[in-house]
Amino acid sequence: QVQLVESGGGLVQAGGSLRLSCAASGGTFSTFTMGWFRQAPGKDREFVAALRRYGFTNIADSVQGRFTISRDNAKNTVYLQMNSLKPEDTAVYYCAARTDYKLGLRPADFGSWGQGTQVTVSS
């Protein structure tokens, strides 16, 4: 059983930056696949980034070159650094954890979710 708490969202102007944090408790954090997803009003939840054990990463094409994902296993925390933000990045951002050893990165593949944090990018 894993509990996740996101923080770091807020209101920024286009071109600005934010860093989201997700603190995890329960289980063995260093073995989890950690993911970030986002959901804008009227749209499906979409994949943003994931960090697997051993440092393997996956980044969505829509944020490639602007967002990076990292983790600090000593703090049981995963981060999403968001640079060059655009209005279309506006969404609720969710942290998620997958505790098995399979490779899927769909929302349904992740069993634990945080409460979400709002990111709003103004133009």
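Only heavy atoms go into these numbers, but all of them, side chains included; no hydrogens, no water, no symmetry mates.
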Side chains of V5 and Q115 in contact at under 4.5 Å (non-hydrogen atoms)
yes
Which pair of heavy atoms, one from T90 and one from Q118, lies closest together, and at what distance?
CG2-NE2, 4.0 Å
Pairwise side-chain contact, L105 with N58, heavy-atom cut-off 4.5 Å (strictly under)
yes
Measuring only between side-chain heavy atoms, which start at C-beta, is L51 closer than 4.5 Å to T33?
no
State the CG-CZ distance between L103 and R52, to the nearest 0.5 angstrom.
5.0 Å
Any side-chain to backbone donor/acceptor pair from E6 onto C95? Under 3.5 Å, distance only.
yes
Could you measure the distance from the CZ atom of F32 to the CG atom of N73? Nearest 0.5 Å is fine.
10.5 Å
In sequence, state the C-alpha distance, the side-chain angles, and the governing distance for W36 and L20, and then conclude on side chain to side chain contact (heavy atoms under 4.5 Å, CB included).
CA-CA 10 Å; W36 287 97; L20 306 183; 3.7 Å; yes
In Å and rounded to the nearest 0.5 Å, what is the CG to OG1 distance from N83 to T68?
6.5 Å
Quick one: pull up OG in S112 and CG in L4 and give me the separation to the nearest 0.5 Å.
5.5 Å
Quick note, ring pair (Phe, Tyr, Trp, His ring centres under 6.0 Å) partners involving residues 101-123, not counting sequence neighbours, are F37-F110, F37-W113
What one should report as the nearest heavy-atom pair of Q39 and K43 is NE2-O, 3.1 Å
Charged N to carboxylate O below 4.0 Å: is that the case for D89 and K86?
no
Under the 3.5 angstrom rule, does the side chain of R19 hit a backbone N or O of Q81 as a donor-acceptor pair?
no
Given the rule in the side chain to side chain contact (heavy atoms under 4.5 Å, CB included) test, do I69 and V78 qualify, once you have shown the distances and angles that lead to the verdict?
CA-CA 7 Å; I69 186 170; V78 64; 3.9 Å; yes
Could you check if a side-chain atom of T117 sits within less than 4.5 angstrom of a side-chain atom of V92, using non-hydrogen atoms only?
no
Can you pull the side-chain hydrogen bond (donor to acceptor under 3.5 Å, both in side chains) pairs that have at least one residue in residues 20-30, sequence neighbours excluded?
Q3-S25
Of all heavy-atom pairs between P87 and A14, which one has the smallest distance, and what is that distance?
CD-CB, 4.1 Å
If you draw the axis of the six-membered ring of F29, does the NZ or CZ of R71 fall within 45° of it and under 6.0 Å from the ring centre?
yes
Would F47 and V63 count as a side chain to side chain contact (heavy atoms under 4.5 Å, CB included) if you check the C-alpha gap in whole Å, the side-chain angles of each, and the deciding distance to 0.1 Å?
CA-CA 10 Å; F47 171 79; V63 302; over 6 Å; no
Could you tell me whether R45 sits above the aromatic face of Y94, with NZ or CZ closer than 6.0 angstrom to the six-membered ring centre and within 45 degrees of the axis?
yes
Validate the cation-pi geometry between R38 and Y93: distance from NZ or CZ to the six-membered ring centre under 6.0 Å, angle to the ring axis within 45°.
no
Do T77 and D72 have a side chain donor and acceptor closer than 3.5 Å?
no
Quick check: closest heavy atoms across A49 and I59, and the distance to 0.1 Å?
CB-CD1, 3.6 Å
Let me confirm one number: the CG-CG distance from L18 to L80, rounded to the nearest 0.5 Å.
9.5 Å
Between A97 and V2 the two heavy atoms that sit nearest each other are CB-CG1, 4.4 Å
How far apart are the closest heavy atoms of D109 and G104, and which atoms are they?
OD2-C, 3.1 Å
Separation of M34 CE from N76 CG (nearest 0.5 Å):
9.0 Å
